[in-house]
Novice: 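Mind looking over this structure? Questions follow.
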2 protein chains.
Amino acid sequence: MTQTKFSRAHSEGYQVNHMARLFIRAIQDRIKPLGLSTGTFPVMLALWEKEGQTQRELVRELGVEQATMANTLSRMERDGLVIRRAHEADARVQTVWLTERARGLRDPAIEEATEVNDLATQGMSDQERADFTALMAKVVANLSET
Amino acid sequence: MTQTKFSRAHSEGYQVNHMARLFIRAIQDRIKPLGLSTGTFPVMLALWEKEGQTQRELVRELGVEQATMANTLSRMERDGLVIRRAHEADARVQTVWLTERARGLRDPAIEEATEVNDLATQGMSDQERADFTALMAKVVANLSET
DNA sequence: TATATTTGCATAGCAAGCTATATTGTGAAA
DNA sequence: TTTCACAATATAGCTTGCTATGCAAATATA
């Protein structure tokens, strides 16, 4: 069959990409005043929960490539958000710690993120919002296999 | 209230970002052999539908910034996918045309994209898939305002 | 113990997004 | 007609993602 019916508006991949760019713009605008960005935010979330994680642990937790994490952490160190300390038992390993300033950013940053999430899901019922999260989890699971 | 309940797994922004990265990886793998990429694919879709569009028209249609489009088109020209021709009535304007090779990529590229969309939505009913698309459209609309 | 493999991180180089700014052509206004 | 504002595109420079590759330390194997 000739595939003349393919349309951007109905391609999940296209929609996801578009939506992701809009999210990035929205959150970027709000957390930039805090000195955060879309690349650093997930790392901060992981570290606000548990400091002292290794780069390898952060990589597994956040699902980015090791090289991406290494570069992100370098920028974060440059910008005074984290400090890398050598692991005492394994000289290959770096543990990652928040600076005092970075610890203080938690509540304001989460507040901005919550606002963006609320804005994005405006007009949805609680049920729809839960469905949306569940459907995304399904897609993530489907695309994560292997 | 202290916002201790914020979790990555339930933040729409976080999920969208994660999902988008997985989509990019999946589609990239499959269209790379065709000489396409995630940045060029949307432009190709727009041009397969209507060649000779101006850069400005593509920008509006695809929702990326003008500078992003200019750079993407330059790479596409370098890689033999498009040709930029001066507009006959307005010397500021460039119209964008597909090369013969690029025209031939349509069906195979759309086939790969369709496969990725199907993989991503595996295990969803038709209704769920329609819901997913509708919910994403809602989010896009919410975040597109102004 | 000596070598080989694996593991953890860093670096190089590219794509694709962004903002800010420069450049050039059009069209309107003085 | 000259100037001024606007429009279309290009360029500079950044972030964030990727793959590929290098290197040093730890561990396993011969």
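Lettering of chains follows the sequences in order, A, B, ..., and the numbering in each one begins at 1. On a predicted model such as this, the values are computed, not experimentally measured, just so you know. Computed over heavy atoms, backbone and side chain alike; hydrogens, waters and symmetry mates excluded.
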Novice: Kindly work out whether a path of hydrophobic side-chain contacts (I/L/V/M/F/W/Y, heavy atoms less than 4.5 Å apart) joins B/Val59 to B/Val93.
Specialist: no
Novice: Tell me which residues in residues 37-49 of chain A put a heavy atom below 4.0 Å from DNA chain C, sorted by number, or none.
Specialist: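 Hits under 4.0 Å, by residue number: none.
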Novice: With side-chain contact (heavy atoms from CB on, under 4.5 Å) as the criterion, how do A/Glu12 and B/Arg129 come out once you've worked through the C-alpha distance, each side chain's angles and the decisive distance to 0.1 Å?
Specialist: CA-CA 9 Å; A/Glu12 284 87 357; B/Arg129 200 164 163 173; 2.7 Å; yes
Novice: At a heavy-atom distance below 4.0 Å, what parts of residues 13-30 of chain B sit against DNA chain D?
Specialist: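 The answer is B/Arg21, B/Arg25.
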Novice: Do you know the tightest heavy-atom contact between A/Met19 and B/Val16?
Specialist: CE-CG2, 3.8 Å
Novice: Taking A/Leu105's backbone N and O only, do any of them form a donor-acceptor pair with A/Trp48's side chain (distance below 3.5 Å, no angle check)?
Specialist: no
Novice: Reading nucleotides 6-12 of chain C 5' to 3', which nucleotides get B (base under 4.0 Å from a protein heavy atom), which S (sugar-phosphate only), which -?
Specialist: -BSBBB-
Novice: Can you hop from A/Ile24 to A/Val140 via hydrophobic side chains spaced under 4.5 Å?
Specialist: no
Novice: Using the ring of A/Trp97 (Phe, Tyr or Trp, six-membered ring only), decide whether A/Arg85 places NZ or CZ under 6.0 Å from its centre and within 45 degrees of its axis.
Specialist: yes
Novice: Out of curiosity, does B/Leu81 fall in the hydrophobic cluster containing B/Leu34 (side-chain heavy atoms, cut-off under 4.5 Å, transitive links)?
Specialist: yes
Novice: Please tell me which of B/Asp79 and A/Lys32 maps to the more 5' nucleotide of DNA chain C, matching each residue to the nucleotide holding its nearest heavy atom.
Specialist: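 Looking at the nearest nucleotide for each, B/Asp79 comes out on the 5' side.
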Novice: Going 5' to 3' on DNA chain D, which nucleotide is the first and which the last to come under 4.0 Å of a heavy atom in chain B?
Specialist: D/dA7 to D/dC18
Novice: Could you measure the distance from the NE2 atom of A/His18 to the OG atom of B/Ser144? Nearest 0.5 Å is fine.
Specialist: 5.0 Å
Novice: Quickly work out the B/Leu62 CG to C/dC18 C1' distance and round it to whole Å.
Specialist: 16 Å
Novice: Hydrogens and angles aside, do A/Gln127 and A/Asp131 bring a side-chain donor and acceptor to less than 3.5 Å of each other?
Specialist: yes
Novice: Hey, is the main chain of A/Gly80 close enough, under 3.5 Å, to the side chain of A/Thr99 for a donor-acceptor pair?
Specialist: yes
Novice: If only atom types and distance count, is the side chain of A/Thr40 paired as donor or acceptor with the main-chain N or O of A/Ser37 below 3.5 Å?
Specialist: yes
Novice: Determine which pairs satisfy salt bridge (charged side-chain N to carboxylate O under 4.0 Å, His left out) with at least one residue from residues 75-84 of chain B, sequence neighbours left out, and list them in order.
Specialist: B/Glu77-B/Arg84
Novice: Taking a pair as Watson-Crick (N1 to N3 plus N6-O4 or O6-N4) or G-U wobble (N1-O2 and O6-N3), both under 3.5 Å, which stems of 3 or more consecutive pairs involve DNA chain C?
Specialist: C:1-30 with D:1-30
Novice: How long is the gap from CZ on B/Phe41 to CD1 on B/Ile31, to the nearest 0.5 Å?
Specialist: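 Interatomic distance, B/Phe41 CZ to B/Ile31 CD1, rounded to 0.5 Å: 5.5 Å.
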Novice: Say whether, by atom type as modelled, one donor and one acceptor occur between the side chain of B/Thr68 and the main chain of B/Val64 under 3.5 angstrom.
Specialist: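 The answer is no, because no donor-acceptor pair under 3.5 Å joins these two groups.
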Novice: Treating Ile, Leu, Val, Met, Phe, Trp and Tyr as nodes and any side-chain heavy-atom pair under 4.5 angstrom as an edge, say whether B/Met124 and A/Met136 lie in one connected cluster.
Specialist: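 As far as the 4.5 Å side-chain criterion goes, A/Met136 and B/Met124 are connected within one cluster.
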